[in-house]
Amino acid sequence: MKKILVAEDDELNRMVIKEMLALIVPNVNIEIVDNGLEAYLKLKENSYDLILTDIDMPKLDGRELLKKVKGELHLNIPIICVTAFAVTGDKERLLLEGFDDYLSKPIDMNKLGEVIRKFLGENID
Ligand SMILES: [Mg+2]
């Protein structure tokens, strides 16, 4: 079973993303944590196929998490950032920083599905 790790500090956003993922990929194991540090600790102990992370979070933000995952843990897991930034150019900047893809909030369920299939493949249902 494929596994997705989600890091998001906002409780409502956590609920929304959980509901969406349950509908889009009911057969994928979803783990949700509320900050980047928790995500980092999980990643040290477990393997995942995809990470969805917020940018602004306490303890360790999405950018710091990205640096640790790629630079310190040397994990080759796709990391998708989910952020409220909506200005043109932000997407390119985030991709340059090393994120594998970008989703803007409020999350569009079709786009979320597209991104997940792009990285996990079509055979996840
Ligand atoms: Mg946040």
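Numbers here simply count residues along the sequence, with the first being 1. Keep in mind that the numbers below use all heavy atoms, side chains included, and drop hydrogens, waters and symmetry copies. Just so you know, ligand 1 is whichever comes first in the structure, and atom 1 is the first atom listed for that ligand. Everything numeric in this text was worked out from a predicted model, so none of it was measured.
With the Mg ion (ligand 1) at the apex, D9 OD1 and D54 OD2 define an angle of roughly 90° (rounded to 10 degrees).
Salt bridge E97/R93: present, at least one basic N to carboxylate O contact under 4.0 Å. Under 4.0 Å is where a charged nitrogen must lie from a carboxylate oxygen, and between D100 and K70 at least one such pair does. Between D54 and K105 a salt bridge is recorded (basic side-chain N to carboxylate O distance below 4.0 Å).
Among the backbone and side-chain atoms of E8, none of the N, O or S atoms lies under 2.8 Å from the Mg ion (ligand 1). Among the atoms of D56, an N, O or S atom falls under 2.8 Å of the Mg ion (ligand 1).
Atom CG of N76 has 12 or fewer heavy atoms from other residues, nucleotides or ligands within 6.0 Å.
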